[in-house]
Amino acid sequence: MKTDFIPIDYDYFDWHGRNYAKITGRNSSGKRICVIDTCPVYLWAILKDKLSKDKINKLIKKIEKIELDTKGRKTRVEKVEIHDKNFLGKPVKALKVFATNYKDLHDVADKLGLPEIEKRRGYDLGYITHYIIEKKITPLHWYEIEGEVLNNSEEFGGIDAVLDVDLCIKLDKVKEINDKKFTPKILAYDIETDEIQIGKGEILMISLVSDGFKKVITWKTAHKKQDYVEYVKDEAELLEKFTEYVKKVSPDFLVGYFSDGFDLPYLKARAEKHNVKLSLGLDGSQPRFSRGMSITGKIKGIVHIDLLKFIRTAYAQYMTSETLSLNEVAKEFLGDTKKDFKLEHSSKISGTDWEKYYEYNLHDSVLTLNLFEKFWPDLSEFVKTTNEPVFEISRAGLSKYTESYILHNLEKYNEIPEKRPGYEEISKRKHSGGVEGAFVLEPKPGLYENIAIFDFTSMHTSIIISHNISRSTLLEKPSKNAVSIKTDKGTFYFKKEKGFFPLMLREIFELRKKFKKQYQKNPNPITKARSNAFKVLSASAHGYIGFFGGRYYSIEASASILAFVRKFNKETIKKVEDSGHKVIYADTDSVALLMNNKSESEIKKLLTKLNSELPGVMELELEDFYKRGLWVTTRAGTTGAKKKYALIDKKGKTKIRGFETVRRDWCKLARDMQNKVIRQILKDGNEKQALKYVKEIIKELKERKISKEDLVIRTQLKKPLSEYKATTPHVIAARKMIEKKIPIGQGNLIEYYVAETRDKKKLVRDKVKLLDEKGEYNKKYYLERQILPAVENIFQVFNINVQEIIEGKKQMTLGDF
DNA sequence: ATATACACGGATCCCCTATTTCC
DNA sequence: GGAAATAGGGGATCCGTGTA
């Protein structure tokens, strides 16, 4: 049997003591295929230097005899080969020790603690990663496969009989073919319950949405019949019906929003309660959950995606949404929002409200489906770039992206993989203290005209490439023929000879440039996603090196990269000043300078000159020209504030950084007001008009004309309530919510306002009230702690003291004495 | 455990001293 | 008059949220 095939989900099983990969995917006619295949498993034993041939041969003989009987499974070393390999860039002689079962490699490694062996590596990748590296059957690429179709076969314990697929093939031959379009089958789902706590309440309804399919299953009733609503008799039947529909639609991806943490575990808990089997897996198995901090729900053969997790790692940093709630994310990416519906306990819902509830439930799945379709190119490109399965990538962090790319590309450099750090190593790394970071130039507050901003393209990455910095190129001793750099952790030296990590990064860097060009030439979601995947990968390299959990962590490399970052930023500042331009601000990789009376082309010439003096792939580019820019003092008023400025370009577009207006923990009134003030000042430099506006707002505030909505302060609960050492206003608000039985916890955004209180209470937290609590807003607080701080230092630039201007304020301070 | 450091600014915490209150 | 309570000043610390 021969067919084309695209691998989507990877799993593995044991049969007669050996590991087999079980890959689920499709062919181009949409048939669902399961491929069964195997690969040799082995680990590397790196030999000590200068071992005689005789000694090596004796060692091989000894290792070949290793047999284990652990965990009721017999494993033995099957074969030992000797290879010339590299480990951390150093040529080594290494033994490739083949064994029967991947899971026993750890125990085999334990047996190899011999005096002739320096290190043991390559046994901690996980079978699936190992298999993909070994067989190069990578996710979401097309293959032409050939093999025996298993049909009621006894082989592998009759696996084909239990699997709900069109074809089950034992792989014989495989060939990569040109990529073609693949449209996955997606099923989005969402549940509604009475209680938020997992399994505590009943599941009232479940919505399911796929291409040309929409359904709300419920056991509650309504008067009017909606064609997509299907009634069942009780919750148990609802669960059965859900399973039935998932089977019927037979999706590649079952997608939810926060479904790892809510929907799927809830379904499982309720199914257990009713003794209903939630047989969602293609082999009839139930969803399984990982243990640990963040639970993940896995379904065999179907990739369960929690879209929230993917958005959080891959997109959150570029988003304008202040929370990652389905509503806000959908609004930002789809221009669509959740249906208006006030969630209430089901006992309080009656008649037509149920219909609205169904519609609301259905629409959540619609949004989830649309979002998945929107993000599918991105997810898909991350998968293709890292070669790890969709399930893993959809839940991975940035370090996993980088590390996967490294592991799947080591072979080109003949490298043996480094091991994952153990618990002790991690705590050692965590306690080694931080490294000195980037340099930020203190700005001189003021309103400036005609500004140019230069910045380094992918600064950290280009430094790593250009100076060959990595764990494997770090030299133990000073050397004349080396790159040297003085850091806060000492002076470090790096080999001139290119190391695999910088080389690999260079490849990523070049591909990023190439894909960016491709995208610009042919903009579409796929070229955009590819360009973005490489952008993220390229940008995360330095973070990965400094991440304590990374295999290729190096504090020396990290400190060196940052020392170079400081050096190049400071040098650029000096060179720009030497050319006669005043530098107003600089942060890490950027320099803002006054153009004086120079034309844009003259500034560009300066840039070209600066570029000619940069090493390697390092590049300084023009970020943009700006008409005006505003820098202010810190609240203390003594120094210029860093990481806080506002710019306006020639087209009148503003760029505001760090100001309260971009911070979600300030009330809307203060944010909006500051935004308007900044815009007005930048647009025509008219601070008088802006001041007039501020006075109006203050008047409204004093007359209590401001809506409470505009005064809400939102703060996230970053950890469990019990872990707070300080009792902050948002902790108080959170406690109040819990008292009111509103289920909140870590990660929730807490909303409150500051109210007037009868007795004179000093602390803000004593004035905190929830939105639905009766009370009037505290005029003094909003005036002095929100409005004034937001604009005070802006007007200070024009020598206007807002505080004095505000009516009554001056008298009050005088009256205090 | 789930990329890094730098930075701002509000609010509380905590120690100290001065003042007020209590007996 | 002296001890205890209270107020408030100011630096340290906690905390959340930005920029790069």
Side-chain angles (χ1 to χ4, degrees), chain A residues 292-294 296 309 312-313 317 322 392 395-403 420-423 425-427 429-430 433-443 455-456 458-460 488 536-537 539-550 552-553 555 557-559 561-563 565-566 569 585-590 623 632-637 639-645 655-666 670 713-719 723-732 749-750 754 760 762-768 781 784-786 789-790 792-793:
Chain A
M293 278 294 283
S294 88
T296 52
K309 281 194 178 152
R312 189 184 285 149
T313 30
Q317 60 184 124
E322 279 165 13
E392 272 68 31
R395 288 163 176 85
L398 292 175
S399 69
K400 172 88 180 173
Y401 290 178
T402 310
E403 196 154 281
R420 244 198 319 252
Y423 180 78
E425 175 64 19
I426 287 182
S427 49
R429 291 175 182 184
K430 275 186 176 170
V435 291
E436 189 185 344
F439 169 73
V440 189
L441 180 74
E442 189 193 314
D455 65 9
F456 282 93
S458 310
M459 191 184 207
H460 299 77
D488 58 319
V536 169
L537 208 55
S540 316
H542 169 243
Y544 172 74
I545 290 176
F547 166 52
F548 56 78
Y552 293 95
Y553 167 90
I555 196 169
S558 183
I561 295 159
L562 287 163
V565 167
R566 292 190 294 272
N569 196 13
Y585 182 60
D587 184 350
T588 313
D589 59 356
S590 71
E623 202 258 337
V632 298
T633 63
T634 60
R635 274 296 272 153
T639 54
K642 297 168 177 179
K643 300 194 183 284
K644 217 175 168 183
Y645 60 89
K655 182 175 169 179
I656 301 176
R657 295 285 178 261
F659 273 105
E660 285 72 8
T661 198
V662 300
R663 298 179 58 90
R664 72 168 177 197
D665 55 348
W666 282 70
I713 293 166
R714 294 178 178 83
T715 318
Q716 197 188 8
L717 211 55
K718 299 287 277 188
K719 47 188 177 185
E723 280 176 26
Y724 281 89
K725 284 181 191 161
T727 315
T728 58
H730 83 297
V731 166
I732 291 293
L749 206 57
I750 307 296
V754 178
K760 210 178 116 195
K762 230 175 33 188
L763 299 175
V764 178
R765 67 171 174 222
D766 297 325
K767 300 172 195 158
V768 163
Y781 173 82
E784 292 177 5
R785 309 279 182 99
Q786 294 276 324
E792 213 172 14
N793 34 19

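Below, chains carry the letters A, B, ... as their sequence lines are ordered, and counting in each starts from 1. Everything quoted here is computed from the prediction, not taken from an experiment.
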Could you check whether [X] gets within reach of a base, just the sugar-phosphate, or nothing at all, counting any heavy atom under 4.0 Å?
X      : answer
A:T634 : sugar-phosphate
A:I426 : nothing
A:I545 : nothing
A:G434 : sugar-phosphate
A:G437 : sugar-phosphate

Among residues at least two apart in sequence or on other chains, which ones pass salt bridge (Lys or Arg N to Asp or Glu O under 4.0 Å) with [X]?
X      : value
A:R663 : A:D665
A:D587 : A:K643
A:K655 : A:E623
A:K309 : A:D260

According to side chain to side chain contact (heavy atoms under 4.5 Å, CB included), who are the partners of A:R664, at least two apart in sequence or on a separate chain?
A:E322, A:T323, A:R671, A:Q716, A:L749
Sequence-distant partners of [X], side chain to side chain donor-acceptor pair (under 3.5 Å), two or more places apart:
X      : result
A:T296 : A:S290
A:R635 : A:E792
A:K400 : none
A:T715 : none

Roughly, in whole Å, what's the span from [atom1] in [X] to [atom2] in [N]?
X      : N      : atom1 : atom2 : result
A:I750 : B:dA11 : CD1   : C1'   : 17 Å
A:E784 : B:dG10 : CD    : P     : 12 Å
A:K430 : B:dA3  : NZ    : P     : 12 Å
A:R429 : B:dT2  : CZ    : P     : 15 Å
A:F548 : B:dT2  : CZ    : C1'   : 7 Å
A:Y544 : B:dA1  : OH    : P     : 18 Å
A:M459 : B:dA5  : CE    : P     : 17 Å
A:D488 : B:dC6  : CG    : P     : 8 Å

On DNA chain B, does the nearest nucleotide to A:V764 precede the nearest nucleotide to A:G549 from the 5' side, or the other way round? Give the residue.
A:G549
Give a yes/no on whether any side-chain N or O of A:R566 is located under 4.0 angstrom from OP1 or OP2 of B:dA5.
no
Contact list (N/O, under 3.5 angstrom) for nucleotides 6-11 of chain C vs protein:
none

Within the sub-3.5 Å range, which N or O atoms of nucleotides 14-16 of chain B have a protein N or O partner, and how far apart are they?
none

Whole-angstrom distance between B:dA1 and C:dT17, as gauged at atom P
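Between the two P atoms, the distance is 23 Å.
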Would you say NZ of A:K719 has more than 12 non-hydrogen atoms from neighbouring residues, nucleotides or ligands within 6.0 angstrom?
yes
Once you round to the nearest 0.5 Å, how far does CZ of A:F456 lie from OG1 of A:T588?
11.5 Å
Minimum-distance nucleotide to A:R635 side chain [options: B:dG9, B:dA3, B:dC13]
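For A:R635, the side-chain atoms sit closest to B:dG9.
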Exam field: side chain A:R785 to backbone A:V764, donor-acceptor pair closer than 3.5 Å
no
Would you mind building the protein contact string for nucleotides 12-20 of chain C? One character per nucleotide, 5' to 3', B for base within reach (heavy atoms under 4.0 Å), S for sugar-phosphate only, - for untouched.
--SSBBBBS
